[in-house]
Amino acid sequence: MTIGEFARASRLSAKALRRYDELGLLTPARVDAYSGYRYYAGAQVERARLVAWLRRIGMPLAEVRDVCVLHGTDPGAAARTVRAYWARVEAETAARRDLAASLADRLGGPTDMTTTMTTTYARPYGLLSAALSERGRVRETNQDRVHAGPRLLAVADGYGAAGDRAASAALAEIEGVRAPDRVGDLLNALEDAVRRADTAVGAAAPGSGTTLTAGVWTGDRFALAHVGDGRAYLLRDGELTRLTRDHTVVQERVEAGELDSAEAAAHPDRALLLRALDGAGSGPVADLGLYEGRPGDRWLLCTDGLSAVVPEAEIRGVLAAGSGPADTVRALVDLALVDAEGRGGPDNVSCVVADVVPDRA
């Protein structure tokens, strides 16, 4: 089939087909050695339509490639990957919905959306949390800092000569955040606290810096602020959803389709940050999110000492095992420290686990 015929059969434009060829996502069956003209086999139509459907739901090209590979070898795994992606989209949409409702309430008074949301939960819930931070087996010092409480969860990963002071200064500012009556005000308060944290890091540890992932619990919602390559996850009904995006050079290349997940994990620049708190310039823009909480939910915040060496499938397994937060953080840290699998604790490793429970638990 010529590229024009294949474009009509697959409902992809010729321009898209050329782009997918360049990325190795949909390679022609044959390319004319003289004219460079692309020819496709009829058997490739199914894969092309799969690509079109995945792009229609907004899946990034790197994840589309993963699904296509799995579809040919393990259809069940391909389906699970799509479900996990859509769970992440729904979580992000819920965060934007809650923020939109709060803004509408603030700007124009109560709305139907606000009424629906506030009547969903009959009473507030609490958090039962635990944190653990260890130096690892390679680093001489621990520059991570963590906080786990009934209201605030946070992890900070310092770097540079005074990275420990940088992480401590950032957490000191975040610990001062108080939950206002309005959810929109809470996100504003978190954003302001991140700006103050950046200034505090610059004063306490010039030339050094830190990442920061922190969340404030309101009783039925979790407001999250994120800068750097720490991560936040939500385990709900056995499904693990990643809530944050790494602010790294490698992550941008993954999203552009230039690297796949395996290449990213092994890339020498995987820890090269695009955003961090270091007191330089006007300060980084924090990613902010607002997530509904339900009884039985489990939140995980961790530094890259865990996420960079332990696959998400193993993290999910530990989180879903049913142990309490204290035993769970111990098990997660042990996974990063184990000498097998080529891990061996190459970095400081820290995590916070919190369960949504009845308020008096």
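The structure presented is a predicted model; accordingly, all values stated were derived computationally and were not measured.
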Query raised in the report: Same hydrophobic cluster for Leu235 and Leu335, using side-chain heavy-atom links shorter than 4.5 Å among ILVMFWY?
Result: yes
**Report entry** Heavy-atom closest pair, residues Ala166 and Val201
**Finding:** O-CG2, 3.3 Å
**Report entry** Minimum heavy-atom distance between Pro284 and Leu277, given as atom pair plus value
**Finding:** CG-CD2, 3.5 Å
Query raised in the report: Measuring from Asp246:CG to Arg231:CZ, what's the distance to the nearest 0.5 Å?
Result: 4.0 Å
Query raised in the report: Would you say the side-chain atoms of Ser350 and Asp144 include a donor-acceptor pair closer than 3.5 Å?
Result: yes
**Report entry** Interatomic spacing from OG in Ser129 to CG in Leu152 - rounded to 0.5 Å
**Finding:** 9.0 Å
Query raised in the report: Hey, mind stepping through Arg330 and Asp334 against salt bridge (Lys or Arg N to Asp or Glu O under 4.0 Å) and telling me if it holds?
Result: CA-CA 6 Å; Arg330 177 73 267 172; Asp334 286 347; 2.9 Å; yes
Requested in this report: Without swapping roles, check the side chain of Asp32 against the backbone of Ser35 for a donor-acceptor pair under 3.5 Å.
Outcome: yes
Requested in this report: Classify the angle between the aromatic ring planes of Phe6 and Tyr40 as parallel (below 30°), tilted (30 to 60°) or perpendicular (above 60°).
Outcome: parallel
**Report entry** Distance-only polar pair, side chains of Arg298 and Thr328, donor-acceptor under 3.5 Å
**Finding:** yes
Report task. Measure across Ala276 and Tyr159 and return the closest heavy-atom pair with its distance rounded to 0.1 Å. Result -> CB-OH, 3.5 Å
Requested in this report: May I ask you to say whether Glu173 pairs ionically with Arg196, meaning some side-chain N is under 4.0 Å from a carboxylate O?
Outcome: yes
Report summary line: What one should report as the nearest heavy-atom pair of Thr244 and Gly230 is OG1-O, 3.8 Å
Report task. Check whether the side chains of Asp157 and Thr210 place a donor and an acceptor atom closer than 3.5 Å, and report yes or no. Result -> no
Query - Electrostatic pair Arg195-Glu191, nearest N-O below 4.0 angstrom - result: yes
Report task. State, to 0.1 Å, how close Val309 and Pro346 come at their nearest heavy-atom pair, and which atoms those are. Result -> CG1-CG, 3.8 Å
Query raised in the report: Between Trp299 and Tyr233, is the ring centre distance below 6.0 Å?
Result: no
Query - Hydrophobic cluster (4.5 angstrom, side-chain heavy atoms) - remaining members for Val285 - result: none
Query - Approximate separation, where rounding is to 0.5 Å, of Thr213 OG1 and His226 NE2 - result: 5.0 Å
Query - Salt-bridge contact Arg245-Asp287 (side-chain N to carboxylate O under 4.0 Å) - result: no
Query raised in the report: Would you call Arg294 and Asp220 a salt bridge, using N to O less than 4.0 angstrom?
Result: no
Query - Cluster link Tyr20 to Val31, ILVMFWY, side chain under 4.5 Å - result: no
Query raised in the report: Where do Leu243 and Leu224 land on the side-chain contact (heavy atoms from CB on, under 4.5 Å) test, with the steps shown first?
Result: CA-CA 9 Å; Leu243 305 178; Leu224 185 68; 4.2 Å; yes
Query raised in the report: Under a single-linkage definition using a 4.5 Å side-chain heavy-atom cutoff for Ile, Leu, Val, Met, Phe, Trp and Tyr, are Trp53 and Val51 assigned to the same hydrophobic cluster?
Result: no
Report task. Say whether, by atom type as modelled, one donor and one acceptor occur between the side chain of His71 and the main chain of Thr73 under 3.5 angstrom. Result -> no
Report task. Run the numbers on Arg80 and Glu239 for salt bridge (Lys or Arg N to Asp or Glu O under 4.0 Å), then give the verdict. Result -> CA-CA 10 Å; Arg80 289 192 294 272; Glu239 294 290 332; over 6 Å; no
